[in-house]
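What follows is one structure encoded as structure tokens, with my remarks underneath.
These numbers come from a predicted model, not from an experiment.
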Amino acid sequence: MELIRGLHNLREHHRGCVATIGNFDGVHRGHQAILDQLRGQAEALGLPVTVVVFEPQPREFFAGDQAPPRLTRLRDKARLLASYGAERILCLPFNDALRSLTARQFIDRILLQGLDVRHLVVGDDFRFGCDRLGDFELLAQVGRECGFGVEHTRTFQLDDERVSSSRVRTLLASGNFAQAARMLGCPYRFCGRVVADQKLGRTIGVPTANLPLLPGPLALRGVYAVITRLADGRDIAGVANVGWRPTVGARRPVLEVHLFDFDGDLYGQRLEVVPCARLRGEMTFDGLDALKRQIHADQARARHYFEGWYRDRNALAGNDKQDWTRYLASAPLAPIAVNTDSPAGSSPVGRDDDGTS
């Protein structure tokens, strides 16, 4: 997959393609269906699949912090698009110059002169150009004049419900990770490289791996039972806080994940963190002692939730992987009675014996 940043980086060999245009936030199953359409046309015409995206996304440009929270950063979006068949991604900077283009200028400069599009797939409600005056009908008209095909996307529904990025955001915010995963085609996850931070967790006996998040609205915020995939492929249960850490006054959002029964150096490693169940929202505490007590309570609840995970994993032999998607909750966890007086590292189901503790 080739990521092309800006029209000025287009070269002659990039001309001639089948293409689609959009935000593709989350690359959900509706987006995947569009890529299926594109691949069919690409095979018939013998041309590459090109996806045109914008950075920032248009609503982020116009609404700033009032825009919907992102589901995927550009890097993760590009990786997902490539996994579903995109061979080239043209990332256009969404700025005053781009938004000032008329609809016909957009078609001429980007689709014709830039990409020499031979077939285009867009939603029948797709709008573009200054004041959003361009639409599907204009594209179809210009396509007939200039010799490229235009096809609208087929609405993708799941359980009689239209799959969309906004619906996925609603499901995540409500703690329904199971249904969100069905719409995405895979569990929702955070991806990032572990960085050094304040190391406050170590001082209270709860070391964490910290993944920086983009500033701005967050799709998730609070404390979650999570499963983390390490760079070596191991999956480890744990608990994570996502947000601004109001008690310690963080300057930017971060994901802090504590891995159960793990002792190792993760700095610089790339992790995938899958939230499985929501434990609670972010809270401000009166000092570190109160914070520590709540963290231990969160750990106990998460360990209780993953009891079956431990049993299943210990029962498997060799490198067999269990299907942990069944640990994706459909609602926030209800409070349970747990013993928070035990040490932070203790487990109600015993320690693991796979070399991670």
Side-chain angles (χ1 to χ4, degrees), residues 1 3 26-27 70-83 177 181 184 186-215 218-245 248 250-277 279 295 298-299 302-303 306 309-310 313-314 316 318-325 327-328 344-345 347 351-357:
M1 186 277 296
L3 176 61
V27 195
R70 273 199 190 207
L71 297 174
T72 44
R73 297 183 291 190
L74 178 61
R75 172 175 179 159
D76 301 321
K77 182 190 299 185
R79 175 180 55 81
L80 287 168
L81 288 171
S83 71
F177 297 107
L184 290 169
C186 63
Y188 180 74
R189 67 196 64 207
F190 294 92
C191 302
R193 200 169 297 278
V194 179
V195 300
D197 201 72
Q198 300 178 36
K199 300 183 180 179
L200 177 62
R202 293 184 181 278
T203 68
I204 57 176
V206 189
T208 60
N210 299 318
L211 279 59
L213 304 176
L214 291 176
L218 299 173
L220 293 180
R221 189 168 178 174
V223 179
Y224 301 86
V226 302
I227 294 175
T228 299
R229 173 155 292 179
L230 306 188
D232 62 10
R234 284 182 292 169
D235 295 333
I236 301 180
V239 63
N241 181 81
V242 183
W244 291 86
R245 300 178 294 179
V248 298
R251 290 179 293 181
R252 63 170 295 164
V254 68
L255 183 150
E256 303 171 287
V257 57
H258 173 69
L259 280 59
F260 293 153
D261 309 316
F262 175 84
D263 183 17
D265 184 0
L266 295 175
Y267 287 124
Q269 292 192 32
R270 187 166 177 81
L271 306 182
E272 295 182 6
V273 181
V274 176
C276 296
L279 302 179
I295 288 174
D298 296 335
Q299 287 181 305
R303 285 183 180 276
F306 286 128
W309 157 268
Y310 283 95
R313 187 171 66 174
N314 291 340
L316 291 173
N319 294 321
D320 291 340
K321 293 288 186 180
Q322 61 179 300
D323 177 17
W324 49 260
T325 56
Y327 292 97
L328 299 175
S347 168
R351 291 176 63 83
D352 299 310
D353 192 26
D354 61 355
T356 63
S357 59

Which atom pair, heavy atoms only, marks the closest approach of [X] to [Y]?
X: N210; Y: P212; result: O-CD, 3.9 Å
X: A181; Y: L328; result: CB-CD1, 3.7 Å
X: G192; Y: L211; result: N-CD2, 3.6 Å
X: V226; Y: V239; result: CG2-N, 3.9 Å
X: L279; Y: D298; result: CD1-O, 3.6 Å
X: F260; Y: Q299; result: CZ-O, 3.7 Å

**Item:** side-chain contact (heavy atoms from CB on, under 4.5 Å) between V242 and R221, intermediate numbers included
**Value:** CA-CA 5 Å; V242 183; R221 189 168 178 174; 5.6 Å; no

How many angstroms lie between atom CE of M1 and atom CG of L80, to the nearest 0.5 angstrom?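 Answer for the CE-CG pair, M1 versus L80, is 10.0 Å.
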
Give me the one residue out of N241, T228, L266 that meets side-chain contact (heavy atoms from CB on, under 4.5 Å) with V257.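 Among N241, T228, L266, the one meeting side-chain contact (heavy atoms from CB on, under 4.5 Å) with V257 is T228.
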
Exam field: side chain R252 to backbone L213, donor-acceptor pair closer than 3.5 Å: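 Pair found, side chain donor or acceptor close to backbone of L213.
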
Check: F190 and L220 side chains under 4.5 Å, non-hydrogen atoms:
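Result yes, sub-4.5 Å side-chain heavy-atom pair found.
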
Q: Sequence neighbours left out, what passes salt bridge (Lys or Arg N to Asp or Glu O under 4.0 Å) with R270? Give chain and number order.
A: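 With sequence neighbours excluded, R270 shows a salt bridge (Lys or Arg N to Asp or Glu O under 4.0 Å) to D76, given in chain and number order.
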
